[in-house]
Chemist: 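Pasting in a structure now, in structure tokens, and then I'll have a few things to ask.
In this chain, numbering begins with 1 at the start of the sequence shown. The model shown is predicted, which means the values in this text are computed figures rather than measured ones. For ligands, and for the atoms within them, numbers begin at 1 and follow the listed sequence.
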Amino acid sequence: MLSDSQKKFDREHIWHPYTSLTNPMPVYAVESANGVKLKLDDGRELIDGMSSWWCAIHGYNHPTLNAALQAQISKMSHVMFGGITHEPAIELCKRLVDMTPVGLEKVFLCDSGSISVEVALKMTFQYWHSLGKTEKGKLLTIKKGYHGDTFGAMSVCDPEGGMHHLFAPMLPQHVFMKEPTSSFAEGLNQTEQDELENTFKNHHHEIAAFILEPIVQGAGGMRMYSPEYLVKARELCDRYDVLLIFDEIATGFGRTGELFAANHADVSPDIMCVGKALTGGMLTMAATICTSKVAETVCAGEAGVFMHGPTFMANPLACAVSIASLDILASGAWKEQVRNIESWLESGFKSLAINANVKGVRVLGAIGVVECKQDIDTAEIQKYFVEKGVWIRPFRNLIYLMPPYIAQEEDIAKLCAAIGGSLEYEHHFKLKTTVEIEQ
Ligand SMILES: *Cc1c(COP(=O)(O)O)cnc(C)c1O
């Protein structure tokens, strides 16, 4: 159990994600985690609805993942990757090349999702530099997106939700398109088609790459859209000579019901970012995977090399645990697990969809979203969730679930019931009504 002085130190000295140090949000002390449960230091157990932000797909304290780390730690925890290679890196990259959409062949291992986006952007600009097309100096993206917190990544996040104005003097200006308005089950609509075609026609000469989260826009609003949008994006990128970058950091490794969201559309990007669930949630690691054409063009340029190389590149512990996590996925059980979670979420959300405080619900794979009419008071609602024995962390007007794939029917039922109960209390909502999302 944390002492009062430890808690005081946390409040006074430690930043948590997106929080104030002068008026911090409450935090809960977790002592251990096992399976789908987080155990608080007062002994209470919570069913985890978040997979620690998309990462812990196999649940916590998984014996296979633990064993992979233990085996690797006794050989070497880390060694530089410049001038050195090792089996964990080779075996991991082999698996990534095999499992990712066809054409993605060359792997750059990075420390985190945001960095993998930076790497993708640098590859893009080196690519056009090599071809002497330096007028291609901008990126194209869609609104309501999220690509990370570093400067390059932030410059393609949603201009409003991403708080661009705070950093405006330091952010490059890119081209933003209206976000897709179709749902997952629909086809490409006329508005989307016009927006895509007009933007490409008007801007292609200055556009280096089109970057987007395929099928599911995560932290920018938990929105889901038509696979046909990706087919159209690929077609236009080919027609107008623009690279296509898929940020699969949230969607990758089975979460949407396919191994990668790109598989719903059977489209291959030129560059793809993966992260989050790559290590099964055990360590930080991401990868940027590109086609042979991108890699060869980058290396044919003035520098002759790709200009990036983090200190902890290809960390052997992270590689070893990623291999173990991908091997669990390769056994194939995830597919039925995700399909089951999808149907349990669909039935659990039925009664929520008609609640007076709810604007709409949507489910895809092991992702469930309850969009409320008003913004949520996260601290208040979280107190309720913890009392009900679940861990759910809403943002803005969104209560969402992305549980570990090992979650059972009763776990999902408990998560859904807690959300249903939480909607009955006015003090869980802020008075302000959120900007209507047009869809
Ligand atoms: C989380 C996320 C990132 C950033 O990854 P970090 O590991 O937090 O840097 C980038 N893109 C998407 C789609 C994400 O969900």
Chemist: When you measure from the centre of the six-membered ring of W128, is the NZ or CZ of K136 closer than 6.0 Å and no more than 45° off the axis?
Modeler: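 Judged by the rule (NZ or CZ under 6.0 Å from the ring centre, within 45° of its axis), K136 counts as positioned above W128.
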Chemist: Looking only at the aromatic ring of each residue, does the gap between the centers of H203 and Y240 stay below 6.0 angstrom?
Modeler: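 Here the rings of H203 and Y240 have centres that are no less than 6.0 Å from each other.
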Chemist: Less than 3.5 Å apart, which donor and acceptor atoms pair up between the side chains of residues 246-253 and the rest of the protein, not counting sequence neighbours?
Modeler:
residue: D247; atom: OD1; partner: I249; partner atom: N; Å: 3.0
residue: D247; atom: OD2; partner: H147; partner atom: ND1; Å: 2.8
residue: E248; atom: OE1; partner: T251; partner atom: OG1; Å: 2.8
residue: E248; atom: OE1; partner: A261; partner atom: N; Å: 2.9
residue: E248; atom: OE2; partner: A261; partner atom: N; Å: 3.1
residue: E248; atom: OE2; partner: A262; partner atom: N; Å: 2.8

Chemist: State plainly whether the residues K178 and E192 are in salt-bridge range, i.e. N to O under 4.0 Å.
Modeler: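 A salt bridge is absent here (no side-chain N lies under 4.0 Å from a carboxylate O).
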Chemist: Which protein residues have a heavy atom closer than 4.0 Å to any atom of ligand 1, listed by chain and number?
Modeler: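 Only S112, G113, S114, Y146, H147, G148, E213, D247, I249, A250, K276 have heavy atoms that fall under 4.0 Å of ligand 1, ordered by chain and number.
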Chemist: In Å, rounded to the nearest 0.5 Å, how long is the span from CZ of F260 to CE of M272?
Modeler: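 The CE atom of M272 is 4.0 Å from CZ of F260, to the nearest 0.5 Å.
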Chemist: Using the six-membered ring wherever Trp is involved, compare the ring planes of W54 and Y400 and label them parallel, tilted or perpendicular (cut-offs 30° and 60°).
Modeler: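 The arrangement is tilted - the two ring planes meet at 30° to 60°.
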